[in-house]
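Contents: one structure, followed by commentary.
Atom set for the values below is all heavy atoms of this structure, side chains included, hydrogens, waters and symmetry mates excluded. By convention here, the first residue in the shown sequence is residue 1.
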Amino acid sequence: MEREIIRVEPIDSNFEKWGAPVSTCTRAGNMVFISGMPPFDPDTGELVPNAPFERQVELILTQIKKALEAAGSDLDHVLKCNAMCISADHFNAFNEVYKRFFPNNPPARVFFCVPEWTGPFDIEVDCIAVTKD
């Protein structure tokens, strides 16, 4: 099975500006892998520094949705999400936003804490999905 890189703009260009050796999305067969993303502005691809936590989660999950669609998938086909956050104090706020994106039959998920990030944000989320076909 061959791996395919799915470019998702402006996210991939922004990763490149950072010098990060990462692809936003890869697909192999019907499996889709979305890299962990910080909160990027959906129009410019630039990081949204120090945004309120709930806004960070909204931006990230919106980006994940966009990346999934570029790969022929959607939020209903997500199998697993990993949420990496700098504080357990954000757990309830994360869940409130997350429920809006996954209102029924949410995917498997892990929420865990990390000590710090390389940028001015509090959370990063990645996921694994399958294509719609």
Side-chain angles (χ1 to χ4, degrees):
M1 187 175 321
E2 190 171 319
R3 177 180 69 131
E4 178 184 4
I5 303 299
I6 309 293
R7 284 195 65 88
V8 183
E9 294 300 343
I11 300 166
D12 276 293
S13 291
N14 197 46
F15 277 136
E16 289 167 358
K17 282 193 290 188
W18 283 5
V22 62
S23 295
T24 298
C25 179
T26 58
R27 180 175 59 201
N30 73 331
M31 298 295 300
V32 178
F33 301 85
I34 307 297
S35 290
M37 288 188 270
F40 290 130
D41 180 290
D43 297 321
T44 66
E46 296 293 322
L47 187 64
V48 178
N50 303 310
F53 182 77
E54 290 83 352
R55 180 69 178 139
Q56 293 180 50
V57 177
E58 289 170 351
L59 288 168
I60 291 167
L61 294 177
T62 298
Q63 292 162 188
I64 286 175
K65 181 179 182 287
K66 180 178 181 174
L68 289 166
E69 290 169 355
S73 188
D74 59 22
L75 292 172
D76 289 336
H77 288 80
V78 173
L79 302 175
K80 172 124 191 261
C81 286
N82 294 308
M84 297 139 286
C85 187
I86 63 166
S87 173
D89 292 340
H90 293 305
F91 184 71
N92 290 333
F94 177 81
N95 284 335
E96 289 307 309
V97 177
Y98 189 84
K99 285 190 282 192
R100 294 196 321 252
F101 285 82
F102 297 102
N104 301 306
N105 303 312
R109 187 187 88 196
V110 174
F111 180 99
F112 60 95
C113 294
V114 296
E116 63 182 328
W117 290 118
T118 58
F121 52 92
D122 302 312
I123 188 156
E124 185 173 296
V125 181
D126 71 5
C127 77
I128 299 170
V130 292
T131 56
K132 290 190 277 190
D133 42 44

**Item:** Shortest non-hydrogen contact between Cys127 and Leu68, atoms and distance
**Value:** SG-CD2, 4.2 Å
**Heavy-atom check, side chain of Lys65 versus side chain of Asp74, under 4.5 Å** = no
**Asked** Of all heavy-atom pairs between Phe101 and Leu75, which one has the smallest distance, and what is that distance?
**Response** O-CD1, 3.7 Å
**Asked** Sequence neighbours excluded, which residues qualify as side chain to side chain contact (heavy atoms under 4.5 Å, CB included) partners of Pro120?
**Response** Leu47, Pro49, Asn50
**Request:** Could you tell me whether a side-chain N or O of Gln56 sits under 3.5 Å from a main-chain N or O of Ala51, the two making a donor and an acceptor?
**Result:** yes
**Item:** Common cluster, Trp18/Ile5, ILVMFWY with side-chain heavy-atom separation under 4.5 Å
**Value:** no
**Qualifying side chain to side chain donor-acceptor pair (under 3.5 Å) pairs with a residue from residues 100-111, counting only residues at least two apart or across chains** = Glu58-Arg100, Asn95-Arg109
**Request:** Each residue besides Leu59 in its hydrophobic cluster should be listed here, by chain and number; the cluster joins Ile, Leu, Val, Met, Phe, Trp and Tyr at side-chain heavy-atom distances under 4.5 Å.
**Result:** Val48
**Request:** Indicate yes or no for a side-chain donor-acceptor contact from Ser87 to the backbone of Asp89 under 3.5 Å, with no hydrogens or angles considered.
**Result:** yes
**Prompt:** Given the rule in the side-chain contact (heavy atoms from CB on, under 4.5 Å) test, do Val125 and Ile64 qualify, once you have shown the distances and angles that lead to the verdict?
**Reply:** CA-CA 8 Å; Val125 181; Ile64 286 175; 3.7 Å; yes
**Message:** Tell me which pairs pass ring pair (Phe, Tyr, Trp, His ring centres under 6.0 Å) where either residue lies in residues 42-84, with sequence neighbours left out.
**Reply:** Phe53-His90
**Asked** Okay, side chain of Ser73, backbone of Ala129: is any donor-acceptor separation there less than 3.5 Å?
**Response** no
**Message:** Which Ile, Leu, Val, Met, Phe, Trp or Tyr residues join Leu79 in one cluster when any pair of side-chain heavy atoms under 4.5 Å counts as a link?
**Reply:** Met31, Phe33, Ile128, Val130
**Request:** Quick one: pull up CZ in Phe91 and CD in Glu96 and give me the separation to the nearest 0.5 Å.
**Result:** 10.5 Å
**Prompt:** So do Val114 and Ile86 actually touch side chain to side chain, heavy atoms under 4.5 Å?
**Reply:** yes
**Message:** Using side-chain heavy atoms (C-beta onward) and a distance below 4.5 Å, is Lys66 in contact with Val8?
**Reply:** yes
**Asked** According to the salt bridge (Lys or Arg N to Asp or Glu O under 4.0 Å) rule, which pairs have a member within residues 12-37, sequence neighbours left out?
**Response** Glu4-Arg27, Arg7-Glu16, Lys17-Glu46
**Backbone of Phe40 reached by a side-chain donor or acceptor of Gln63 within 3.5 Å** = yes
**Message:** Walk me through whether Asp76 and Phe102 qualify under side-chain contact (heavy atoms from CB on, under 4.5 Å).
**Reply:** CA-CA 8 Å; Asp76 289 336; Phe102 297 102; over 6 Å; no
**Prompt:** Taking it one step at a time, do Cys81 and Phe111 satisfy side-chain contact (heavy atoms from CB on, under 4.5 Å)?
**Reply:** CA-CA 9 Å; Cys81 286; Phe111 180 99; over 6 Å; no
**Prompt:** Any chain of hydrophobic side-chain contacts (each under 4.5 Å) joining Val110 to Ile60?
**Reply:** yes
**Asked** Can any side-chain N or O of Lys80 pair as donor or acceptor with the backbone N or O of Asp126 at less than 3.5 Å?
**Response** no
**Message:** Test side-chain contact (heavy atoms from CB on, under 4.5 Å) on Ser35 and Thr24; report intermediate values, then the result.
**Reply:** CA-CA 5 Å; Ser35 290; Thr24 298; 5.6 Å; no
